Amino acid sequence: MARKLIAGNWKMNLLRPEGTALARDLALRLARTVDPAFDLLVCPPATIIAPIADAVQGSGLLVGGQDCHSAQEGAHTGDVSARMLADLGCSHVIVGHSERRQDHGEIDLMVAEKAAAAQAEGLVAIICIGETEAERNDGRALQVCSRQIAGSLPQGATAENTVIAYEPVWAIGTGRTPTTADVAEVHAHIRAALGARVPSEAAGIRILYGGSVKPGNAAELLAVPNVDGALVGGASLKADDFWAIAEASAG
């Protein structure tokens with residue numbers, strides 16, 4: 001298995017001065033680390049991707065987008081294409097985050113189309129899945145994850161161009177996390193679902209856990225079988241916290 005991926009989703013936070021300072025801080029820490037045991041990725045708002053990508057170029061710190069359109073160009077006011085993200089120096093893009101699914105009505109087919117567009121431009125698509133609190137309470141968490149993988153994973157998904165991020169919706173930004181047993185169950189189920197869809201690639205596709213990941217619980221979560229990294233929200237906005245999570249991934 002490839003080394004763990006620690007990805008920071010900055011969401012709609014930070015302006016250019018503080019965003020650039022945060023990215024430079026992380027890039028410097030990474031540069032001082034001999035043979036880091038993890039890959040480190042930040043996904044800033046689209047407005048500051050360019051200066052951040054320029055500031056950390058060559059440092060080893062990866063930069064990604066938070067969303068992309070399924071088309072590469074055209075009459076789509078306000079949208080950003082995967083080609084544009086690649087042009088800025090991005091290596092990854094998040095698609096299908098629960099906030100996009102809820103706030104913008106994105107369905108699995110739309111997520112699959114965005115992921116395919118990202119992969120066509122050489123980006124790694126981080127495909128987000130996860131159940132709501134009601135779905136978990138109804139005992140449908142595994143069923144929901146299976147459905148979202150079936151509908152959101154594009155043709156041609158490989159271990160090189162695809163990452164799955166399991167984020168139980170009820171844990172995002174709430175401070176609540178599933179038990180390690182729950183995380184282990186869902187991640188094993190996701191691995192099996194990938195095996196049914198892309199048998200030759202399933203073992204190598206990284207599966208991240210996301211949802212209230214912080215320095216205090218990172219080591220425990222990242223030690224769970226089939227957890228190949230973390231998608232971090234609020235804690236990724238503080239260099240010390242985000243770096244502590246990354247270091248926890250080294251075991």
Side-chain angles (χ1 to χ4, degrees), residues 2-33 36-68 80 82 84-100 114-115 118 121-128 161-165 167 172-173 206-215 218 221-222 227-250:
R3 59 188 182 175
K4 295 189 187 298
L5 172 64
I6 308 300
N9 178 11
W10 293 3
K11 307 192 181 184
M12 198 172 70
N13 294 293
L14 304 184
L15 300 179
R16 184 167 50 185
E18 58 263 36
T20 304
L22 173 56
R24 282 180 172 150
D25 185 332
L26 293 168
L28 182 60
R29 296 179 194 227
L30 196 60
R32 290 173 174 168
T33 304
F38 50 83
D39 293 324
L40 200 63
L41 167 70
V42 294
C43 297
T47 54
I48 57 174
I49 288 175
I52 286 175
D54 289 344
V56 304
Q57 186 174 13
S59 69
L61 180 65
L62 304 171
V63 180
Q66 296 179 14
D67 183 51
C68 69
V80 175
M84 292 171 175
L85 294 177
D87 182 55
L88 293 178
C90 289
S91 57
H92 294 66
V93 61
I94 300 167
V95 295
H97 193 280
S98 64
E99 290 158 4
R100 298 289 310 180
K114 290 183 175 191
E121 292 299 325
L123 300 179
V124 177
I126 300 176
I127 302 171
C128 298
N161 66 20
T162 305
V163 171
I164 302 296
E167 291 198 304
I172 299 173
R206 291 194 277 196
I207 306 172
L208 312 184
Y209 171 76
S212 296
V213 180
K214 44 188 174 285
L221 289 167
L222 290 165
V227 173
D228 306 312
L231 182 56
V232 185
S236 70
L237 300 174
K238 299 178 181 179
D240 287 344
D241 287 355
F242 192 49
W243 187 254
I245 292 169
E247 287 190 313
S249 72

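Fair warning: this is a prediction, and the values are worked out from it, not measured in the lab.
- When every heavy atom of V213 is checked against every heavy atom of I245, the shortest pair comes out as O-CD1, 3.9 Å.
- Every residue two or more places apart in sequence or in another chain that forms a side chain to side chain donor-acceptor pair (under 3.5 Å) with K11 is listed here: E99.
- Other residues, nucleotides and ligands contribute only 12 or fewer heavy atoms inside 6.0 Å of the CZ atom of R16.
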Legend entry - CA sep, side-chain torsions, deciding dist, call: Q66, M12, side chain to side chain contact (heavy atoms under 4.5 Å, CB included): CA-CA 10 Å; Q66 296 179 14; M12 198 172 70; 5.9 Å; no

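- For the side chain to side chain contact (heavy atoms under 4.5 Å, CB included) with L41, the qualifying choice from L26, I6, L62 is L62, the only one to do so.
- For the pair L221 and V227, the minimum side-chain heavy-atom distance is 4.5 Å or more.
- With values rounded to the nearest 0.5 angstrom, D39 atom CG is found 9.0 Å from S91 atom OG.
- The OG atom of S59 sits 13.0 Å away from atom CZ of R32, with the distance rounded to the nearest 0.5 Å.
- D241 is linked by a salt bridge (charged side-chain N to carboxylate O under 4.0 Å, His left out) to nothing, counting only residues two or more places apart in sequence or in another chain.
- One finds the CD1 atom of I126 at 5.5 Å from the NE2 atom of H92 (value rounded to the nearest 0.5 Å).
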Inset, instruction - Start with the C-alpha distance between F242 and L22, add both sets of side-chain angles, then the distance that settles side chain to side chain contact (heavy atoms under 4.5 Å, CB included), and finish with yes or no. - result: CA-CA 10 Å; F242 192 49; L22 173 56; over 6 Å; no

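- In this structure, CD1 in I48 is found 12.0 Å from CG in L88, a value given to the nearest 0.5 Å.
- Other residues, nucleotides and ligands contribute more than 12 heavy atoms inside 6.0 Å of the CD atom of E18.
- Annotation: side chain of L30 is in contact with side chain of F38 (closest heavy-atom distance under 4.5 Å).
- Here the straight-line distance linking atom NZ of K4 with atom CG of L222 works out to 6.0 Å at 0.5 Å rounding.
- Here E121 contributes atom CD and L85 contributes atom CG; the two are 9.5 Å apart, rounded to the nearest 0.5 Å.
- Every residue was checked against the side chain to side chain donor-acceptor pair (under 3.5 Å) condition with D54, not counting sequence neighbours, and none meets it.
- The two residues P51 and T20 come nearest to each other via the heavy atoms CB-OG1, 4.3 Å.
- Between the side chain of N9 and the backbone N or O of G233 there is no donor-acceptor pair closer than 3.5 Å.
- Using a 4.5 Å heavy-atom threshold, the side chains of D67 and K114 count as touching.
- Across every non-hydrogen atom of L61 and A27, the tightest pair is CD2-N, 4.1 Å.
- The shortest side-chain heavy-atom distance between V80 and I49 does not fall under the 4.5 Å cut-off.
- Of all the heavy atoms in A118 and V93, the pair that sits closest is CB-CG1, 3.4 Å.
- Shown here for A165 and L231, the closest heavy-atom pair between the two residues is CB-CD2, 3.9 Å.
- Side-chain atoms of S236 and V42, non-hydrogen and from C-beta on, never get closer than 4.5 Å to each other.
- Within the 4.5 Å cutoff, the side chain of R100 has no heavy atoms near those of the I94 side chain.
- Put simply, the side chain of R29 reaches to within 4.5 Å of the side chain of D240, judged on heavy atoms.
- For the pair A23 and V56, the tightest heavy-atom approach, listed with the atom from each and the gap, is O-CG1, 3.7 Å.
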